[in-house]
Amino acid sequence: MISILSRLLLACLLLPCAWSAAHAQAVSFPELNGAIPGHQDVTYLDLAKMVVPDLAAGDDGFYKGSAPIEVRHILGGDQGGSPPETISLPNAAVLAIKAGGKDRLTMLFDLGQAQNSAEGFAVLALYDLSGKPKLLDAVNVGTDQNSYFRDPSKIAIGPDDDALITMSMHFNSNQGYVSTILILVRDDRFEPIDQINTFDENVCAYKRTQDLSFQTPGSEKPYAAIKATVSDVTKPSGESCDEAAPKAASHDVTVTYHWEEARSRYVPDSDAFEKLAAENAKHF
């Protein structure tokens, strides 16, 4: 099981990215005992307890609890790991979004992982704060050890709707593995658009990075097309190493998702990301 210390270390390593996302996309990490703006009698802890009912402040600055409510995995089927027996939560990521023309609040709770589980358990929750706070939906978005909102954490797919972007990741001494999930909120429920897996490698002879970016070209109704691009770059180090250095290379892998009314979902225009994931797996 990943320890609290290692989770905090990873969070510190990602802090510049997290602050960038917070600035650009209004992701925040408020104190859970703090009041929600516009609802001075309701705290973020009250919202968190809709996901982990017995969550309470501990003596060490963490919030402790046991089992979360039952949730489905965003990708369906048997995806996802199990939560730990005891939850120890330092905070949660908070992001306001538009969904169906309505203001909604999302919170991402990285609850850790069960012993001997390869994947963490991270609950993405959707709230309606227009009256008495209400939990509308909750899903497990964990596909690896640690989960976060990605930068950017949301993209506008219309004047009244945002798509969400979460990520799960882990790394070892020279490789990093990132799973990104693109999520639509429709009828106050989370729906997966796609999972995009990327891979970084930093060894003596070379460094390889795969950076993921999103655009929304055009203005289709009801939802705009989403263009996702992985920039795959390999740079030789110039060092004298045991392994041979590959040639410098750079290319983009792009998939565009279009809304298909007949199928009532976003559909990719190719399987390029599946092929990229299969090619990456050869290097694990």
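In this chain, numbering begins with 1 at the start of the sequence shown. Predicted model, so just to flag it, every value in this text is computed and none were measured.
- The structure places CG of Leu32 at 9.5 Å from CG of Leu47, a figure rounded to the nearest 0.5 Å.
- Between the side chains of Thr254 and Thr229, a donor-acceptor pair is found at a separation under 3.5 Å.
- You'll find the side chain of Phe109 stays beyond 4.5 Å of the side chain of Ser147, heavy atoms only.
- Asp269 places a side-chain N or O within 3.5 Å of a backbone atom of Thr256 that can act as its donor or acceptor partner.
- The backbone N or O of Ala272 sits less than 3.5 Å from a side-chain atom of Ser270, completing a donor-acceptor pair.
- In this structure, Pro30 and Val94 have side chains that are in contact, with non-hydrogen atoms separated by less than 4.5 Å.
- Side chain to side chain, Tyr206 and Glu201 meet the donor-acceptor criterion of an N or O pair below 3.5 Å.
- A distance-only check finds a donor-acceptor pair linking the side chain of Asn140 to the backbone of Gly142 [under 3.5 Å].
- For Gln210 and Asn280, the side-chain atoms include at least one donor-acceptor pair closer than 3.5 Å.
- Tyr177 and Asn172 share a side-chain donor-acceptor pair at under 3.5 Å.
- Tyr223 is listed as a side-chain neighbour of Arg186, based on a closest heavy-atom distance under 4.5 Å.
- Considering NZ of Lys49 and CG of Leu135, their distance stands at 14.5 Å, rounded to 0.5 Å.
- Tyr257 and Phe273 have tilted rings, their planes meeting at an angle from 30° to 60° on a 0 to 90° scale.
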Run the salt bridge (charged side-chain N to carboxylate O under 4.0 Å, His left out) test on Asp137 and Arg72 for me, step by step, so that the C-alpha distance in whole Å, both residues' side-chain angles and the decisive distance to 0.1 Å come before the verdict. CA-CA 10 Å; Asp137 196 19; Arg72 70 191 185 282; 2.8 Å; yes

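- Salt bridge status for Asp188 with Arg104: present, with a side-chain N to carboxylate O gap under 4.0 Å.
- Between Val230 and Asp211, the closest side-chain pair of non-hydrogen atoms is not below 4.5 Å.
- Glu119 and Gln113 get closest at one heavy-atom pair: O-CB, 3.2 Å.
- In this structure, NZ in Lys98 is found 6.5 Å from CG in Asp160, a value given to the nearest 0.5 Å.
- Counting heavy atoms from C-beta on, the side chains of Tyr266 and Asp194 never come closer than 4.5 Å.
- Atom-to-atom distance recorded for Glu191:CD and Leu164:CG is 12.0 Å, nearest 0.5 angstrom.
- Residues Pro222 and Trp259 approach most closely at CD-CD1, 3.6 Å, considering heavy atoms.
- With values rounded to the nearest 0.5 angstrom, Asp103 atom CG is found 9.0 Å from Ser130 atom OG.
- With contacts defined as side-chain heavy-atom distances shorter than 4.5 Å, the pair Val141/Ile183 qualifies.
- Not one N or O on the side chain of Thr43 forms a donor-acceptor pair closer than 3.5 Å with the backbone of Asn33.
- Closest heavy-atom contact between Asp162 and Ala156: OD1-CA, 3.5 Å.
- Scanning both residues, Thr106 and Ile97, for their nearest heavy atoms gives CG2-CD1, 3.8 Å.
- In this structure a side-chain-to-backbone donor-acceptor pair under 3.5 Å is present from Glu243 to Ala205.
- Atom CD of Glu31 has 12 or fewer neighbouring heavy atoms from other residues, nucleotides or ligands inside a 6.0 Å radius.
- Residue Pro53 comes nearest to Ala67 through the heavy atom pair CD-O, 3.8 Å, listed as atom of the first residue, atom of the second, then distance.
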Go through the steps to decide whether Met169 and Ser179 satisfy the test side-chain contact (heavy atoms from CB on, under 4.5 Å), and finish with yes or no. CA-CA 6 Å; Met169 67 173 294; Ser179 170; over 6 Å; no

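- Residues Asn197 and Val178 form no side-chain contact, since every pair of their non-hydrogen atoms from C-beta on lies 4.5 Å or further apart.
- Counted by atom type alone, Ser231 and Asp252 present one or more donor-acceptor pairs between their side chains at under 3.5 Å.
- Using a 3.5 Å distance cut-off with no hydrogens or angles, the side chains of Ser88 and Lys64 do pair a donor with an acceptor.
- Panel note: side chain Asp60, backbone Phe62; a donor-acceptor pair is recorded below 3.5 Å.
- Proximity of Arg208 to Lys235: side-chain heavy atoms (C-beta onward) are nowhere separated by under 4.5 Å.
- Lys207 has no carboxylate O lying under 4.0 Å from a charged side-chain N of Glu239, or vice versa, which leaves the two without a salt bridge.
- Annotation: Phe284 is in aromatic contact with Phe199 [ring centroid separation under 6.0 Å].
- Among all heavy-atom pairs drawn from Pro37 and Tyr44, the shortest one is CD-OH, 3.3 Å.
- For the atom pair Leu95 CG and Leu108 CG, the distance stands at 9.5 Å (nearest 0.5 Å).
- Of the possible donor and acceptor atoms, none in the side chain of His39 sits under 3.5 Å from a partner among the backbone N and O of Asp41.
- Inspection of the Ser66 and Glu85 side chains reveals no N or O donor paired with an N or O acceptor under 3.5 Å.
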